[in-house]
There are 2 protein chains.
Amino acid sequence: MNGIPEVVIQRLPLYLRTLEALDEDGLVVVSSQELGDSLQVTPAQIRKDLSYFGRFGKQGRGYRVRDLVRELRRILGLGQEWEMVLVGMGRLGWAVASYGGFAQHGFQVVACFDNDPALVGKAVGPLLIQDDSTLAATVRERGVGIGIVAVPVDAAQQVVDQLVACGVRGILSYAPIVPRVPPHVWVQNIDPVVALQAMTYHLSQRKAPRAAGRRAV
Amino acid sequence: MNGIPEVVIQRLPLYLRTLEALDEDGLVVVSSQELGDSLQVTPAQIRKDLSYFGRFGKQGRGYRVRDLVRELRRILGLGQEWEMVLVGMGRLGWAVASYGGFAQHGFQVVACFDNDPALVGKAVGPLLIQDDSTLAATVRERGVGIGIVAVPVDAAQQVVDQLVACGVRGILSYAPIVPRVPPHVWVQNIDPVVALQAMTYHLSQRKAPRAAGRRAV
DNA sequence: TACTGTGAACTATTTCACAGCC
DNA sequence: GGCTGTGAAATAGTTCACAGTA
């Protein structure tokens, strides 16, 4: 055994999401079996995943939902508000900026940027679109940790480089490339077309076996 | 060996995406090494992945880019136009409907639905928002294969059930649940918050190792 | 010579199965 | 009795390394 497997990390937010829903429903204690039923994951997998981080359950009973929520939030680093900058204010960037789901989960877009003079100065909710040239200063000043890339593919690597140069350590990219980043920077890509294309493989087969995972993201 | 591993299927669209870009750049032949450099995947992995489907390369030379694009498109079932219905026309659904990237890749939203009378009848590009009650008829009539779910979490499972009942075989879900579907239906989930939460785990650690995959999607 | 295609070796991940505890 | 936590076993996935060929 070495570190904690990346697949495990990617599953924790799913556990958290479900546990939060169960908590809202008023459930106090949950077994790995029940949680697994909701998530379509084996109970053994849930227990093994959690065991990488500690012992959170009570034998013979299960896990206290609220306690496990708290532990997972701590493990995932969700105790703080995370500030993000958004680059690219075309249709996609606009939609991302207007998406309420981030704030709800402690992720805040604190500034947004575009290099199109026609867009700079426009208001997006409480923010004004800034020119790309002000990106570095804003990121450095506020110590923003995460950048969202919503620019066209041809500009994507350049924007990623800029963000990395300003000290951003996480990048959520909607651009259809695998960006090149130094090893201390973490990237998550989101591309619905890629998801659809993997799906059509299965839809084209005579018979389809099991359901696919989220690849989340 | 049994079937083709799911991870392999999920990587093929990434290969395709990169090969299409290389083709546009005028590259005629590519080696697994070069392709791997673009994608940050080992050459051995690319060769192995492709070998599940046939022999597409020439020893000593590499792969003809255009031929490999054609093969991958065939394997992924991209020879046809795929019709999709979109359910949920809130902000997110609206953004999805307006997204140009689908049409560009042979995925067409042919109808969109909401259960809010205030939205029904409004135009979204060339489409009119229809009432949910007309979903089944539309899907059955046109034999639509893919449904996109962009409704709030509380309605998501119900909408998924409806889509499945009408004969949809693939679901792209933006809702924060793992929907329950019969085994012949394929699901891909997209949730940027889940992606961010996995990322903050790494950002919270003292040192961060390698870059994460896309889990795409 | 420069590459692919591929068994075999290796590594990672999942599942099993059961001791231990509530 | 029912459930967790966890080594050990089983599976799945990746990488190596080299024979074969254009």
Side-chain angles (χ1 to χ4, degrees), chain A residues 1-12 14-15 19 22 27-65 67-68 71-72 75 178 198 209-216, chain B residues 1-12 14-15 19 22 27-65 67-68 71-72 75 178 198 209-216:
Chain A
M1 180 224 145
N2 210 357
I4 291 156
E6 181 58 27
V7 269
V8 173
I9 306 300
Q10 300 283 330
R11 274 193 297 264
L12 296 186
L14 299 178
Y15 298 168
L19 287 162
L22 294 175
L27 191 70
V28 176
V29 172
V30 71
S31 67
S32 58
Q33 175 75 60
E34 293 166 316
L35 185 54
D37 288 346
S38 295
L39 283 159
Q40 294 159 255
V41 162
T42 65
Q45 176 143 85
I46 291 173
R47 296 200 302 276
K48 176 65 102 175
D49 285 356
L50 294 176
S51 78
Y52 284 107
F53 302 94
R55 303 170 178 209
F56 307 120
K58 295 272 183 246
Q59 282 142 327
R61 302 201 148 269
Y63 303 85
R64 292 189 64 86
V65 175
D67 291 351
L68 193 46
E71 292 290 351
L72 284 172
I75 293 164
V178 180
R210 305 167 303 141
R214 31 159 255 103
R215 271 292 81 209
Chain B
M1 181 226 148
N2 211 355
I4 291 157
E6 182 58 27
V7 269
V8 173
I9 306 299
Q10 301 281 332
R11 275 193 297 265
L12 297 186
L14 300 177
Y15 298 169
L19 287 162
L22 295 175
L27 192 70
V28 176
V29 172
V30 70
S31 66
S32 58
Q33 175 75 60
E34 292 167 317
L35 186 54
D37 289 346
S38 296
L39 283 158
Q40 294 159 256
V41 162
T42 65
Q45 177 140 84
I46 291 174
R47 294 201 303 274
K48 176 65 102 175
D49 284 355
L50 294 176
S51 78
Y52 284 106
F53 302 95
R55 303 170 178 207
F56 306 122
K58 295 273 182 243
Q59 282 143 327
R61 302 203 148 267
Y63 302 85
R64 292 190 62 86
V65 175
D67 292 352
L68 193 47
E71 293 291 350
L72 284 172
I75 293 164
V178 179
R210 304 167 304 139
R214 29 160 256 106
R215 268 304 80 197

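Remember, it's a predicted structure, so these values are computed and weren't measured experimentally. Below, chains carry the letters A, B, ... as their sequence lines are ordered, and counting in each starts from 1.
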Distance (rounded to the nearest 0.5 Å) between S32(A) OG and D49(A) CG: 11.0 Å
Those residues of residues 28-35 of chain A lying under 4.0 Å from DNA chain D by at least one heavy atom: S31(A), S32(A)
Minimal non-hydrogen separation, L19(B) against V65(B), with atom names: O-CG1, 3.4 Å
Value in whole Å for how far the P atom of dG5(C) lies from CG of L50(B): 7 Å
Length of the CD1-P vector between I9(B) and dG13(D), whole Å: 11 Å
Anything under 3.5 Å between a donor and an acceptor, one on a side chain of residues 53-62 of chain A, the other on a protein residue two or more places apart or in another chain? List them.
none

Side chain to side chain, V41(B) and L14(B), heavy atoms closer than 4.5 Å: no
Between dT15(D) (C1') and I46(B) (CD1): distance, integer Å: 13 Å
Within-4.5 Å side-chain heavy-atom neighbours: Y63(B) and E34(B): no
Atom pair distance, as rounded to whole Å: CD in Q10(B) and P in dT14(D): 12 Å
R55(B) CZ - dA19(D) C1' separation (whole Å): 12 Å
Least distance between heavy atoms, L50(A) atom then L68(A) atom: CD1-CD2, 4.1 Å
Value in whole Å for how far the P atom of dT6(D) lies from CD1 of I4(A): 13 Å
Spacing of F56(B) atom CZ relative to dA22(D) atom C1', expressed in whole Å: 19 Å
Side chain to side chain contact (heavy atoms under 4.5 Å, CB included) against T42(B), all qualifying residues, sequence neighbours excluded: A44(B), Q45(B)
Protein-to-nucleotide contact annotation, 5' to 3' order, nucleotides 14-22 of chain C [B base; S sugar-phosphate only; - none; under 4.0 Å, heavy atom]: SB-B--BBS
Partners meeting side chain to side chain contact (heavy atoms under 4.5 Å, CB included) with Q33(B) (sequence neighbours left out): S31(B), D37(B), P43(B)
Separation of dT14(D) P from E6(A) CD (nearest whole Å): 14 Å
Partner residues of D67(B) under the side chain to side chain contact (heavy atoms under 4.5 Å, CB included) criterion, sequence neighbours left out: R64(B), R70(B)
